[in-house]
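In this text the structure is predicted, and so the values were computed from the model without any measurement. Numbers for residues simply follow the sequence, beginning at 1.
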Amino acid sequence: MKRNGTLALVFHALFVVFMLAPLAIVCIVAFTPEGYLSLPTRGPSLRWFKAIFDYPEFMRAFRDSLWLAALSSTIAIMLAVPAALAIARHRFPGRDAMTALFMSPLMVPHVVLGIAFLRFFTQIGLSGTFTGLVLSHVIVILPFALRLVLASSYGIDQRIEHAATSLGAGTATVFRRVTLPLILPGVVSGWLLAAINSFDEVTMTVFIASPQTTTLPVRMFLYIQDNIDPLIAAISACLIALTAVMLFALDRLFGLDRLFVGTGKG
């Protein structure tokens, strides 16, 4: 096997540093004892981490964001699985148009989507409701879920399903015992990617959220409009740490290679 040369290793190292440096700076600034954004020159402090609990609206927004991400990504996956199987297996009139329709939210700026959803939900009476927020997030994150489920669906050997059918298994049993396990890496990774994008969405959400349905990114955005202190850095550091713990747990339980690539550990 050919090993990477020195130049390639240096390039990859610089690329990793370039990607991780902003996250590292945010985490370092979160430990400052000062009342303004600065590196902790007088030693680390947990002052701003403790200050998070003085703002219950952040905790409430965090719970709302988690619930919104879980619900919208689950609905998106439930729509993506049958759509991906139909697109991957069948040739029918309008197949390409249907695929383009499902992927179209990726091509529309989220500012435009936010204004369109605001106008539409106002007309049908869903403006400022959690239901409207879920529906809008499902539309935005559906392409991410569909793309990964499609990647898994294209690789299925349908002879396995035909063998199960010939042995007397019904359609539901074939899907539950054969098809779903085969596309499971795409389903899980699609759900995770959709949930991450839903949790992180702010540009569109700021148009349709209300004081009762404010997500954490929107709450953070509103906070930094009037305040310049390390509180947002502390919240960001907590989210980075939570993400790292979740990825570590998923890697230990399932293996990230299996989830995102489709291959198991050796």
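- Around atom CE of Met98, more than 12 heavy atoms belonging to other residues, nucleotides or ligands sit under 6.0 Å away.
- Ring geometry, Phe31 versus Phe49: the interplanar angle falls from 30° to 60°, so the pair is classed tilted.
- Val188 and Val178 fall within a single hydrophobic cluster, where Ile, Leu, Val, Met, Phe, Trp and Tyr side chains are chained together by heavy-atom contacts under 4.5 Å.
- With a 6.0 Å radius and a threshold of 12 heavy atoms from other residues, nucleotides or ligands, Arg47 has its CZ atom above the threshold.
- Residues His110 and Glu201 have side chains that bring a donor and an acceptor to within less than 3.5 angstrom of each other.
- Taking CH2 from Trp191 and CD1 from Ile75, the interatomic distance works out to 12.0 Å, rounded to the nearest 0.5 Å.
- Side-chain polar atoms of Ser38 and Thr32 form a donor-acceptor pair below 3.5 angstrom.
- The hydrophobic clustering, which links ILVMFWY residues whose side-chain heavy atoms are closer than 4.5 Å, places Met78 and Val138 apart.
- With sequence neighbours left out, Thr203 forms a side chain to side chain donor-acceptor pair (under 3.5 Å) with no residue at all.
- Residues Thr215 and Thr205 bring no donor and acceptor atom of their side chains to less than 3.5 Å of each other.
- In terms of heavy atoms, Ala169 sits closest to Val174 at CB-CG2, 3.7 Å.
- A donor-acceptor pair under 3.5 Å links the side-chain atoms of Thr99 to the main chain of Arg95, judged by distance alone.
- More than 12 heavy atoms of other residues, nucleotides or ligands lie within 6.0 Å of OH in Tyr154, so this atom counts as buried by the packing criterion.
- Heavy atoms of other residues, nucleotides or ligands lying less than 6.0 angstrom from CE of Met107 number more than 12.
- In the hydrophobic cluster analysis, where Ile, Leu, Val, Met, Phe, Trp and Tyr join through side-chain heavy atoms closer than 4.5 angstrom, Ile139 is grouped together with Ile124.
- The hydrophobic cluster containing Leu239 does not contain Leu193, counting ILVMFWY residues as joined when their side-chain heavy atoms lie under 4.5 angstrom apart, directly or transitively.
- In this structure, Ile28 is not a member of the same hydrophobic cluster as Ile52, with clusters built from ILVMFWY side-chain heavy atoms closer than 4.5 Å.
- Around the CZ atom of Arg176, the shell of radius 6.0 Å holds more than 12 heavy atoms that belong to other residues, nucleotides or ligands.
- Centroid-to-centroid, the aromatic rings of Phe58 and Phe53 stay 6.0 Å apart or farther.
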